[in-house]
Structure formats: structure tokens, C-alpha cells
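Just so you know, these numbers come straight off a predicted model, no measurement behind them.
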Amino acid sequence: MRSDNVTKGIERAPNRSLFYAMGYTKEELERPLVGVVSAKSEIVPGHMHLDKVAEAVKAGIRMAGGTPIEVPAIGVCDGIAMGHIGMKYSLASRELIADSVETMTMAHAFDGLVLIPNCDKIVPGMIMAAVRMNIPALVCSGGPMMSGLVGGEETSLSKMFEAVGARKAGLIDDDKLLEFEENVCPGCGSCSGMYTANSMNCLSEAVGIALPGNGTIPAVHSGRIQLAKHSGMAIMNLIEKDIKARDIINEKSLKNALACDMALGCSSNSVLHLLAIANEAGVDFSLENFNEYSGRVPNLCHLAPAGPTHMHDLNYAGGLPAVLTELAKKDLIDTSLITATGKTVAENIKGAYVKNNEIIRPIDDPYSETGGIAIMWGNIAQDGCVVKRSAVAPEMLKHSGPARVFDSEDEAIEAIYNGKITDGDVVVIRYEGPKGGPGMREMLNPTSALAGMKLDKTVALITDGRFSGASRGASIGHVCPEAASGGNIGLLKEGDIIEIDIPGASINAQVSDEEFDKRRKDYVAPPPKVDSGWLVRYMRNVDAASKGAVMK
């Protein structure tokens with residue numbers, strides 16, 4: 001056991017004395033030591049209840065003969081960080097989380113890990129650490145928030161941001177805005193649509209590193225506490241059988257996650273995170289893999305922001321086991337793979353079925369024959385860009401219009417709020433990539449403002465930054481190379497015609513190579529947006545979004 005390094009032998013008497021100082025007993029030190037990594041805090045709705053989940057996990061570990069040891073992890077609330085300098089820290093924090101989980105695990109010789117995240121960067125950050133260290137590990141998240149009710153209709157955070165745009169456009173009054181403000185987020189849990197947090201919690205289940213139910217059982221449901229207890233028991237089984245993170249997460253299981261990503265219509269951020277996890281697992285993954293699966297796997301779900309349903313609806317419709325069962329009908333997933341239950345995918349989904357064909361469409365009657373995510377290439381995205389295709393209106397799948405160019409999100413949102421964007425425009429926001437931002441801010445404010453102003457079916461938005469999973473419309477992000485790395489998006493001028501063809505996987509400016517070369521000679525890069533703090537180190541070392549924005 002790894003923990004023998006701190007609990008066994010005469011020379012480890014000093015180590016044991018420190019355990020005894022904390023109240024551990026000799027009997028506890030003779031059992032496997034299991035790290036319980038909890039991101040509980042009082043600043044993230046998705047994390048405010050994780051102490052309850054952690055206590056249930058620890059109970060499960062003790063029931064199965066282990067010694068749980070709880071340690072903390074940080075986590076940014078993307079909604080609270082949105083629209084100001086705080087959002088620069090969100091994606092970058094993923095690397096800090098991975099490093100800190102590695103630090104606590106290696107320094108204290110844990111035999112296994114139960115990872116308790118819930119929100120956006122925390123889930124992939126913890127998984128990256130587990131795969132990097134390759135020890136027995138599983139994820140037990142905090143579960144999704146219930147949807148709110150406004151005017152008798154289910155609603156969620158994406159509608160809250162859109163309501164701001166509607167208020168700016170004079171489509172609703174202050175009283176209606178307040179009704180949204182007080183009712184869209186009714187309690188604890190990760191925000192209730194198929195946003196990034198819930199996307200990654202579902203994909204954790206699809207890739208096999210979490211137990212069935214992890215992605216969809218509501219935070220307030222007793223089933224979440226039961227899942228946590230079973231997760232505590234399951235880690236002891238993984239330790240006993242020596243089933244490690246890379247036994248579960250590998251090329252085949254990542255392709256299962258890709259298939260599920262397309263079927264669910266996950267957040268475009270899932271592209272960044274799956275690439276980063278694959279990098280830690282030593283798996284050769286690229287944007288081409290996403291388009292391959294988008295062409296093969298139909299889109300079965302239209303949860304918010306693509307549609308009116310939410311995570312609790314998906315749970316009641318059968319959850320991920322039902323989705324995986326539909327995919328298995330056409331051999332779109334490998335059901336032979338081992339998972340965190342110690343059983344195969346096939347064993348996990350045995351008996352699962354779709355209970356509501358409107359929430360989870362049958363494989364032969366999908367929302368679309370193509371998956372929820374699409375990758376495009378062209379002369380302003382030679383290394384690719386990403387769009388959540390399932391949340392794009394049909395009339396915007398192909399679009400041509402004049403570029404409205406902004407060098408920051410702040411400039412763009414000011415123009416949108418002041419009514420300076422009109423039908424047909426293509427809003428270009430640059431210098432918001434991993435290096436240029438730095439930190440690749442999510443652009444939920446501008447996309448939601450456009451949607452709230454009823455411009456999401458006439459105006460496109462492209463950026464070298466990224467979008468929240470709550471964004472909808474022709475919101476095209478992760479443009480690579482980014483402007484700060486010399487990409488052509490940095491050379492675009494006001495009025496350049498941009499041609500977008502999502503089905504054709506292309507995005508181009510009507511600008512010749514010769515003209516781009518001429519502009520490049522006259523190009524003067526703006527100064528970096530930060531000059532102090534750890535974001536400077538991040539800016540110097542982060543790789544491109546097309547490679548997962550991982551630290552080199």
C-alpha cells in the first residue's frame with residue numbers, strides 16, 4: 001500500500017505520532033488511507049453543500065474498511081466571476097486544482113481518492129490529477145440544482161443572463177427582471193441546464209470514473225447522499241482490485257465520453273476539458289476526433305440552453321444509463337470497458353431504458369443526425385474553433401455578415417447594450433484567448449445579451465475566448481491561433497465579411513492571403529492585459545485552446 005510510506009515501520013514512528021496528534025487510532029492507520037478531496041466553500045452554490053456529500057462518502061469508506069481523510073480544494077463560481085477580471089482566473093484555476101490534488105495526495109501517500117467537485121473547472125482539474133498520478137480514484141459530484149420557476153415556466157441561470165439583455169432592450173421592466181433574479185436559482189447544486197458543470201459531471205459518468213447517477217441525481221435528492229455512500233464503498237473495491245485511473249480513462253473510454261458529449265449536447269467547454277484529460281492520460285486526442293464523432297453520433301437531448309428542459313428532467317427520464325443504452329443500440333460506445341463500479345459499462349446499464357422520449361430521443365428519432373458540438377476551420381481559424389451546434393438556430397447554421405471588431409469582451413458588451421449591433425452583424429471579440437485574456441474568459445454576458453434582445457437568430461459571435469455552457473446562438477469560440485499568438489483573428493478589420501458554414505465545418509473572412517500578409521507587416525500587438533500575479537506565469541506557459549489550454 002502507498003500509505004505504508006507514512007504508517008509502517010520503526011522509521012515511520014514520527015509520521016504516526018503526527019496522525020495520533022489528530023486523533024487517529026492505531027486501528028485506523030492499519031487500514032487504507034483514502035483522500036476525500038472536497039471543494040466545499042461558501043461562495044459557490046454548487047459547492048455549498050459538499051460537506052454533506054463528503055460526510056456520506058466518508059461513511060461509505062468506513063463501512064468498507066477504509067480510513068477517510070478529508071482535504072480541501074478551491075473552486076471558482078463562474079457565474080459570480082462572470083463579466084469582470086474574476087473570469088480570467090476560472091479556466092486557469094483548473095491547473096491549480098490539478099496541481100494541488102497531486103500535491104496533497106503525493107505528500108501524504110493516500111492509497112486512493114474520492115474526488116468531490118461540482119462546478120466547471122473543478123471537475124476536470126480533479127480528474128486530471130487522478131489520471132496524472134494513476135492511482136485508484138473516482139468522482140462523486142454534488143449534483144445539479146433544481147430549475148427555478150418564473151411565470152409558471154421552468155427556468156435557469158441562462159435565462160437570467162438573457163433577461164439582462166431583454167431589460168437593456170426595453171423588452172421587460174425592472175419588476176420582471178427582479179422576478180428572474182429571485183427565482184432562477186432556487187438552491188444548492190450546479191446550475192440546472194446542460195452547462196459546463198453538468199456536462200463534465202455527466203461525462204465523468206460516461207468515461208467511467210463516476211458511478212451511475214453522478215451526472216443527474218439532483219443535489220437535494222436523497223439519492224445524492226446514497227450515491228456518496230456507495231462511492232465511498234466503491235473506492236475501497238478499486239483499491240482492493242488495484243483498478244487505477246488510467247485503467248478506466250483511456251483512449252476507448254474517452255471516445256465513449258465523446259459519443260455521450262454529442263448525444264447530450266454538452267457545453268463547448270467540454271472540448272477543452274476532454275483534450276486536457278486526454279493529455280494527462282497520454283492519449284493522442286485532437287479536434288478532428290470531435291468532428292468525427294459529431295458526424296457519427298446523433299443529438300438526443302435538448303436541455304437548457306438548447307431547449308426548455310433541465311437536469312432533473314434528464315434524471316427522471318433515465319439519466320446517463322438510458323442515454324448510453326440508446327447509443328449502445330448502434331454500437332456507438334464500447335460497453336466492455338471497466339468503470340469505477342468495478343463492473344463494465346454493459347453491466348452498469350443493464351435494465352436501463354428511456355422513460356421519456358421527449359427528454360431523451362430514441363436513437364432512430366434524434367433531434368439531429370449530427371452531434372451537439374462542431375469544429376470548424378478556415379483562414380481565421382487555421383487550427384480550429386468550436387461551436388455548440390445543438391444550441392444554434394437552423395437559420396444561423398450558415399451566415400455571412402460584416403465583422404464588428406472588439407479587442408475585449410468589455411468593449412463588445414458595451415456596444416451590444418447600447419444598441420450598436422444590428423441584424424446580420426458578426427461580432428468579433430479577440431485578445432480573450434488563453435494567452436491574450438489571459439485565462440480565456442467565458443462570454444456569457446454578450447451571448448445572453450444578444451439572445452435577450454432577440455438577436456441570437458440574426459447575429460453571430462466569434463472569439464478566441466470561450467463561451468459558457470449557458471450560451472446559445474451562433475457563438476463560435478476557441479478560435480486558434482488566438483490573436484495574442486499572431487492569429488488572423490487579430491488582423492480582422494471592421495466591415496470584413498465573415499462567412500460561417502457550420503455544416504460545412506468552415507469559417508472564413510473574405511480577405512486574401514496577400515491582404516493578411518500586408519496587414520501583418522503593419523500589425524502592432526497591444527500590451528499584455530496583466531503584469532502581476534500568477535496569471536503572468538499562466539500567460540507565459542499556457543498552450544493553445546486547440547490543445548486543451550494546458551500548461552506546457
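Within the model, atoms CG of L275 and CD1 of I277 stand 9.5 Å from one another, a figure rounded to the nearest 0.5 Å. Atom CD1 of I489 is separated from atom CD1 of I462 by 5.0 Å, given to the nearest 0.5 angstrom. Note that CD1 of I380 is 12.5 Å distant from SG of C480, once rounded to the nearest 0.5 Å. Rounding to the nearest 0.5 angstrom, the gap separating the CG atom in L314 from the CG atom in L264 is 6.5 Å. Taking CD1 of I413 as the start and CD of E409 as the end, the distance is 6.5 Å to the nearest 0.5 Å. A distance of 11.0 Å separates OG of S147 from CD of E153, quoted to the nearest 0.5 Å.
Annotation: side-chain hydrogen bond (donor to acceptor under 3.5 Å, both in side chains) contacts of N299 (sequence neighbours excluded): H302. By the salt bridge (charged side-chain N to carboxylate O under 4.0 Å, His left out) test, D313 is found to be paired with no residue, residues two or more places apart in sequence or in another chain being considered. Partners of R361 by salt bridge (charged side-chain N to carboxylate O under 4.0 Å, His left out), not counting sequence neighbours: none found. D174 is linked by a salt bridge (charged side-chain N to carboxylate O under 4.0 Å, His left out) to R167, counting only residues two or more places apart in sequence or in another chain. Looking at residues two or more places apart in sequence or on another chain, you find no side-chain hydrogen bond (donor to acceptor under 3.5 Å, both in side chains) involving E95. Not counting sequence neighbours, the partners of K121 by the side-chain hydrogen bond (donor to acceptor under 3.5 Å, both in side chains) test are D78, S90. Taking K229 as the reference, nothing meets the salt bridge (charged side-chain N to carboxylate O under 4.0 Å, His left out) condition, with sequence neighbours excluded.
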Pairs of donor and acceptor atoms involving the side chains of residues 317-325, under 3.5 Å and at least two apart or interchain, shall be tabulated with distances.
{"unit_1": "T325", "atom_1": "OG1", "unit_2": "P321", "atom_2": "O", "d": "2.7"}

Which pairs would a plain distance check flag for residues 439-446, meaning a side-chain donor or acceptor within less than 3.5 Å of a matching protein atom at least two apart in sequence or in another chain?
{"unit_1": "R441", "atom_1": "NE", "unit_2": "E432", "atom_2": "OE1", "d": "3.3"}
{"unit_1": "R441", "atom_1": "NH2", "unit_2": "D410", "atom_2": "OD2", "d": "2.9"}
{"unit_1": "R441", "atom_1": "NH2", "unit_2": "E432", "atom_2": "OE2", "d": "2.7"}
{"unit_1": "E442", "atom_1": "OE2", "unit_2": "N269", "atom_2": "ND2", "d": "3.0"}
{"unit_1": "E442", "atom_1": "OE2", "unit_2": "R466", "atom_2": "NH1", "d": "3.0"}

Side-chain donor-acceptor pairs of residues 453-460 under 3.5 Å, sequence neighbours excluded:
{"unit_1": "D456", "atom_1": "OD2", "unit_2": "R472", "atom_2": "NH1", "d": "3.0"}
{"unit_1": "T458", "atom_1": "OG1", "unit_2": "D423", "atom_2": "OD1", "d": "2.8"}
{"unit_1": "T458", "atom_1": "OG1", "unit_2": "L455", "atom_2": "O", "d": "3.3"}

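No more than 12 heavy atoms of other residues, nucleotides or ligands sit less than 6.0 Å from atom NE2 of H230. For I43, the CD1 atom sits in a loose shell: 12 or fewer heavy atoms of surrounding residues, nucleotides or ligands are nearer than 6.0 Å.
Sorted by first and then second residue, the salt bridge (Lys or Arg N to Asp or Glu O under 4.0 Å) pairs involving residues 253-269 (not counting sequence neighbours) are E251-K255. Residue pairs meeting the ring-ring contact (aromatic ring centres under 6.0 Å, His included) criterion with at least one member in residues 73-93, sequence neighbours excluded: Y89-W534.
In summary, K330 and D364 engage in a salt bridge, as defined by a charged side-chain N under 4.0 Å from a carboxylate O. D464 has no carboxylate O lying under 4.0 Å from a charged side-chain N of R430, or vice versa, which leaves the two without a salt bridge. No salt bridge links E55 with K52; every basic N to acidic carboxylate O contact stays at or beyond 4.0 Å.
Inter-residue side-chain proximity for C188 and V220 is flagged as met; some heavy-atom pair is nearer than 4.5 Å. Taking the side chain as every heavy atom from C-beta outward, E411 and S408 approach each other to under 4.5 Å. Side-chain contact between V387 and C385: absent, with no pair of heavy atoms (C-beta onward) separated by less than 4.5 Å. Under the 4.5 Å side-chain criterion, counting only non-hydrogen atoms from C-beta, I476 is not in contact with L461. Using a 4.5 Å heavy-atom cutoff, the side chains of M200 and S270 are in contact.
Side chains of S156 and Y195: a donor on one and an acceptor on the other come within 3.5 Å. With 3.5 Å as the limit, one finds a donor-acceptor pair spanning the side chains of T447 and S471.
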ask   = Can you check side chain to side chain donor-acceptor pair (under 3.5 Å) on N198 and S190, steps first, answer last?
value = CA-CA 7 Å; N198 290 323; S190 48; 2.6 Å; yes

task = Report the C-alpha distance between F290 and V271 in whole Å, list the side-chain angles of each, state the deciding distance to 0.1 Å, and finish with yes or no for side chain to side chain contact (heavy atoms under 4.5 Å, CB included).
result = CA-CA 8 Å; F290 286 84; V271 176; 3.8 Å; yes

request  = Assess whether salt bridge (Lys or Arg N to Asp or Glu O under 4.0 Å) is satisfied between E179 and K176, documenting all intermediate values.
outcome  = CA-CA 5 Å; E179 185 181 357; K176 191 64 176 180; 3.3 Å; yes

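Relative to the ring axis of Y353, K355 places its NZ or CZ within 45° and under 6.0 Å from the centre.
Closest approach of M311 to G193, counting heavy atoms only: CG-O, 3.7 Å.
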